[in-house]
Asker: 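Here you go, one structure.
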Amino acid sequence: MALRLYNTMSSRIEEFRPLREDEVRMYACGPTVYDYGHVGNFRTFVAVDILRRFLRQSGYKVRHVMNITDVDDKIIRNSARDGVSVQQYTAKYETAFLEDAAMINIEQPTLVRATEHIPEMADFVAKLVEKGFAYRADDGSYYFRIAKFPQYGKLSKRDFSGMLDGARVDVDEYDKDSARDFALWKAPKPGEASWDTAIGKGRPGWHLECSVMSMSELGETFDLHAGGEDLVFPHHENEIAQSESFTGKTFVDFWFHARFLLVEGEKMSKSLGNFFTLRDLVLKGHKPSSIRYLLASVPYRNQLNFTFDGLKQGAVSVERLRNFRLRLSAGNFPEGASPEIQSLAADTVERIKSALDDDLNTAQAQGAIFEMVRQANAAFDAGGIKKDDVAPLLAALIKFDEIFAVLDDDDVPKMKRVLDWAVAEGREKDISEELREAVQSGKLSGADVEKKIAEMKAARTARDFKASDAIRTELADAGILVEITKDGIRWRRK
RNA sequence: GGCGCGGUACCCAAGUGGUAAGGGAGAGGUCUGCAAAACCUUUAUGCGUCGGUUCGAUUCCGACCCGCGCCUCCA
């Protein structure tokens, strides 16, 4: 079965077929780098990341481009407020964004920046003016004339036919022909950053950036365009209008939109006190893997209720998967293979694939892997796992993790970086006890722990449980969890 | 007001015209020097309410109630 995806343009689930047989060209609207990214932002980016990973797993070569919006009203306002240049201001938040994305294992797409494509954008506007789709206002700004594009509204399913003949209301400070016409190019206001171009001084409008950069990287028509649900209108609608007016061709085949999340059951907002950046969560002691797991646990088109309880649940779930892998890699198994386990592993791979093929049903894929883990664990206890069963089980787990990316336990170094950042920013007061504790467990190296474990083994052989327990307590205090099993002693970081 | 999405156990959350995945939490049990981990059992005759279609609906249709989103560059 092939991937079926919901397409906002057609409002239905369709079979996804890229234009080129083995390559997918996709563009995602990235962040405007004026502040640290919040969980809501990252829900969308995780959804796109899962799509990207699954496409690749399905055999496609993926060309994935994402913009960094590094010039807009907020950026100009904030950089002026802080007395730094736009470039200085955005560099900091762009770096932070990329670090945060990497922290939750989002693979980095090819990045494009608005400020690096200014001349192309000016040319694009000039061409639209030439074709009659755009016009220059008295102040030097340029607008798109939506009356010239009758299909305007086709993505967001809005009817603008009644609004196409001139403006009844003009609340904007610019002199537009119609209230709905949107800015392609903004003339500079006093003190604002601007570029000198063929069409005059100014800066590109946000919508224009994405049209120009996506087509320049991916061609006039490409396969998929992604973003948060809020971008459907006006951003993506405007991109379509500009791009299709410019080329006369279909801009994008598939429109992919991730739904907003709720935080503790309410819309995230600063005034409700439920507005969290990724770093806020880590400062509270939550692991990046828990965050990614939770963000991936609800299919992207459903509203996800992001809660601290959910974060804890996610942590336990991830722990269970990691523990299963540890068990498989550390255990001793009799020679041979058991048919039941072989087919369990094969079925699980199949179930994960068909769940994801079904409009990226991540919840179902997770259900499949846990079912495998439970059954394999039961077989393990009953001695039903043979040597040759290990590889297929691990393979299924890896297949799952190629998409979900939570198995590798690198949370501690990541959390340490956040802690160091908080110290550097003078935010010690925001560092929770939980975070300090978690980072603490990184102090002992693997070799140090192994040494202690060896001592513990010796003590146990001598049936000196008091000494053994003392070591276990010592390690526990350092954030190392020790487990004594039939096959020996296992440990992991809390 | 226009357009759209959703209401499933204590919590999170899939799903289906034929009788409710998975995870968490709780309880009991197995294993164990003690822990931990793991496993087993257990928690919805029930899927917002009321009608309708049907042999049969949580799943389709209608109405209503409730929550949420977009409609001002907020992912």
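Chain letters run A, B, ... following the sequence lines, proteins first, then strands; residues in each count from 1.
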Asker: Starting at the 5' end of RNA chain B and moving along, which residue's nearest nucleotide shows up first, Gly265(A) or Asp381(A)?
Answerer: Asp381(A)
Asker: Would you say a side-chain N or O of Asn302(A) is under 4.0 Å from OP1 or OP2 of rG6(B)?
Answerer: no
Asker: Could you give the OH-to-P distance, from Tyr27(A) to rA75(B), as a whole number of Å?
Answerer: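 Computing the Tyr27(A):OH to rA75(B):P distance gives 14 Å.
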Asker: Is there a donor and acceptor pair, one atom on the side chain of Arg259(A) and one on the base of rA75(B), closer than 3.5 Å?
Answerer: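 Looking at the base of rA75(B), it does not pair with any donor or acceptor on the side chain of Arg259(A) (distance under 3.5 Å).
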Asker: Is any side-chain nitrogen or oxygen of Arg180(A) closer than 4.0 Å to OP1 or OP2 of rU72(B)?
Answerer: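 It does, given that an N or O in the side chain of Arg180(A) lies less than 4.0 Å from OP1 or OP2 of rU72(B).
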Asker: Against the six-membered ring of Tyr36(A), is Arg279(A) placed for a cation-pi contact (under 6.0 Å from the centre, within 45° of the normal)?
Answerer: no
Asker: What does Asp73(A) touch in the nucleic acid at a heavy-atom separation under 4.0 angstrom: a base, only the sugar-phosphate, or nothing?
Answerer: base
Asker: Using atom P in both nucleotides, what's the gap between rG28(B) and rG33(B) to the nearest angstrom?
Answerer: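 Straight-line distance between the two P atoms is 22 Å.
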Asker: Determine whether a donor-acceptor pair (one donor, one acceptor, N or O, separation below 3.5 Å) exists between the side chain of Arg374(A) and the base of rC39(B).
Answerer: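 For Arg374(A), whose side chain was compared with the base of rC39(B), there is no donor-acceptor pair (under 3.5 Å).
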Asker: Just checking Val232(A): base, sugar-phosphate only, or nothing, at a heavy-atom cut-off of under 4.0 Å?
Answerer: nothing
Asker: Classify Asp230(A) by what it touches in the nucleic acid, base, sugar-phosphate, or nothing, heavy-atom distance under 4.0 Å.
Answerer: base
Asker: Send over the distance from Phe380(A) CZ to rA38(B) P, rounded to a whole Å.
Answerer: 12 Å
Asker: Send over the distance from Trp255(A) CH2 to rA75(B) C1', rounded to a whole Å.
Answerer: 15 Å
Asker: Working note: His64(A) + Val48(A), criterion side chain to side chain contact (heavy atoms under 4.5 Å, CB included); need CA distance, chi angles, decisive distance, verdict.
Answerer: CA-CA 10 Å; His64(A) 175 194; Val48(A) 174; 3.6 Å; yes
Asker: Considering all heavy atoms of both residues, which atom of Val71(A) and which atom of Ile75(A) are nearest to each other, and what is their separation?
Answerer: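 Here Val71(A) and Ile75(A) meet closest at N-CD1, 3.7 Å.
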Asker: In whole Å, what separates the P atom of rC50(B) from that of rG69(B)?
Answerer: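 After rounding to an integer number of Å, I get 28 Å for this pair.
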Asker: Please work out if Arg460(A) contacts a base, only the sugar-phosphate, or nothing of the nucleic acid, heavy-atom cut-off 4.0 Å.
Answerer: base
Asker: When the P atoms of rC10(B) and rC5(B) are compared, how many Å lie between them, rounded to an integer?
Answerer: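 Straight-line distance between the two P atoms is 29 Å.
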Asker: Are OP1 or OP2 of rC39(B) and a side-chain N or O of Asn377(A) less than 4.0 angstrom apart?
Answerer: yes
Asker: Rounded to the nearest 0.5 Å, how far apart are CD1 of Ile106(A) and CZ of Arg53(A)?
Answerer: 9.0 Å
Asker: Taking N and O atoms by type only, does the side chain of Glu371(A) place a donor or acceptor under 3.5 Å from a partner on the base of rG22(B)?
Answerer: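 Answer is no: no donor-acceptor pair is held.
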Asker: Classify Phe370(A) by what it touches in the nucleic acid, base, sugar-phosphate, or nothing, heavy-atom distance under 4.0 Å.
Answerer: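 Sugar-phosphate contact only.
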Asker: Send over the distance from Gln303(A) CD to rC70(B) P, rounded to a whole Å.
Answerer: 10 Å
Asker: At under 4.0 Å between heavy atoms, what does Gly310(A) touch on the DNA or RNA strands: base, sugar-phosphate, or nothing?
Answerer: nothing
Asker: Should the pair Phe333(A) and Phe380(A) be assigned to parallel (<30°), tilted (30 to 60°) or perpendicular (>60°) ring geometry?
Answerer: perpendicular
Asker: For Asn41(A), report the nucleic acid contact type (base, sugar-phosphate, nothing); a contact means any heavy atom under 4.0 Å.
Answerer: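 Here Asn41(A) touches the bases of the nucleic acid.
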Asker: Do we see Phe42(A) stacking on the base of rA75(B), given a limit of 5.5 Å between centres and 30° between planes?
Answerer: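 No, the aromatic ring of Phe42(A) does not stack with the base.
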Asker: I want to confirm an ordering. Mapping Met268(A) and Ile484(A) to their closest nucleotides on RNA chain B, which one lands closer to the 5' end?
Answerer: Ile484(A)
Asker: Applying a 4.0 Å non-hydrogen cut-off, can you work out what Leu294(A) is touching in the nucleic acid: base, sugar-phosphate, or nothing?
Answerer: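 Nothing, no heavy atom under 4.0 Å.
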Asker: If the C1' atom of rG56(B) is compared with that of rU19(B), how far apart are they to the nearest Å?
Answerer: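 One C1' to the other, the span is 9 Å.
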Asker: Roughly how many Å apart are rU41(B) and rC70(B), using the P atom of each and rounding to a whole number?
Answerer: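 44 Å, rounded to whole Å.
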Asker: Please give the distance between the P atoms of rU49(B) and rU54(B) as a whole number of Å.
Answerer: 23 Å
Asker: Among Tyr143(A), Tyr142(A), Tyr135(A), find the residue that satisfies the side chain to side chain donor-acceptor pair (under 3.5 Å) test when tested with Asp181(A).
Answerer: Tyr135(A)
Asker: For atom C1', what is the distance between rG67(B) and rU8(B), given to the nearest Å?
Answerer: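 My reading of the C1' atoms in rG67(B) and rU8(B) gives 15 Å.
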Asker: How many whole angstroms separate atom CZ of Phe400(A) from atom C1' of rG23(B)?
Answerer: 11 Å
Asker: Which part of the nucleic acid does Ala258(A) contact within heavy-atom distance under 4.0 Å: base, sugar-phosphate only, or nothing?
Answerer: nothing
Asker: Can you check the distance between rC55(B) and rC64(B), where both ends of the measurement are the C1' atom (answer in whole Å)?
Answerer: 29 Å
Asker: Any side-chain N or O of Lys466(A) less than 4.0 Å from the OP1 or OP2 oxygen of rG33(B)?
Answerer: no
Asker: Using a cut-off of 4.0 Å on non-hydrogen atoms, how would the nucleic acid contact of Lys267(A) be classed: base, sugar-phosphate, or nothing?
Answerer: base
Asker: Let's test your reading of the model: under 3.5 Å, does the base of rG33(B) pair with the side chain of Asp469(A) as donor and acceptor?
Answerer: yes
Asker: Classify the nucleic acid contact of His207(A) as base, sugar-phosphate or nothing, counting any heavy atom under 4.0 Å across all strands shown.
Answerer: nothing
Asker: At 4.0 Å (heavy atoms only), tell me whether Arg490(A) reaches a base, stays on the sugar-phosphate, or touches nothing.
Answerer: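 Arg490(A): backbone/sugar contact only, no base atoms under 4.0 Å.
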Asker: Hey, does the side chain of Arg320(A) come within less than 4.0 Å of rC39(B)'s phosphate (OP1/OP2), counting only N and O?
Answerer: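 So the side chain of Arg320(A) is within the cut-off, an N or O lying under 4.0 Å from OP1 or OP2 of rC39(B).
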Asker: Assign Pro234(A) to base, sugar-phosphate, or nothing according to its heavy-atom contacts below 4.0 angstrom with the strands shown.
Answerer: sugar-phosphate
Asker: Restricting to non-hydrogen atoms, name the atom on Leu393(A) and the atom on Phe324(A) that form the minimum distance, rounded to 0.1 Å.
Answerer: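 The pair with the smallest heavy-atom distance is CD1-CZ, 4.5 Å.
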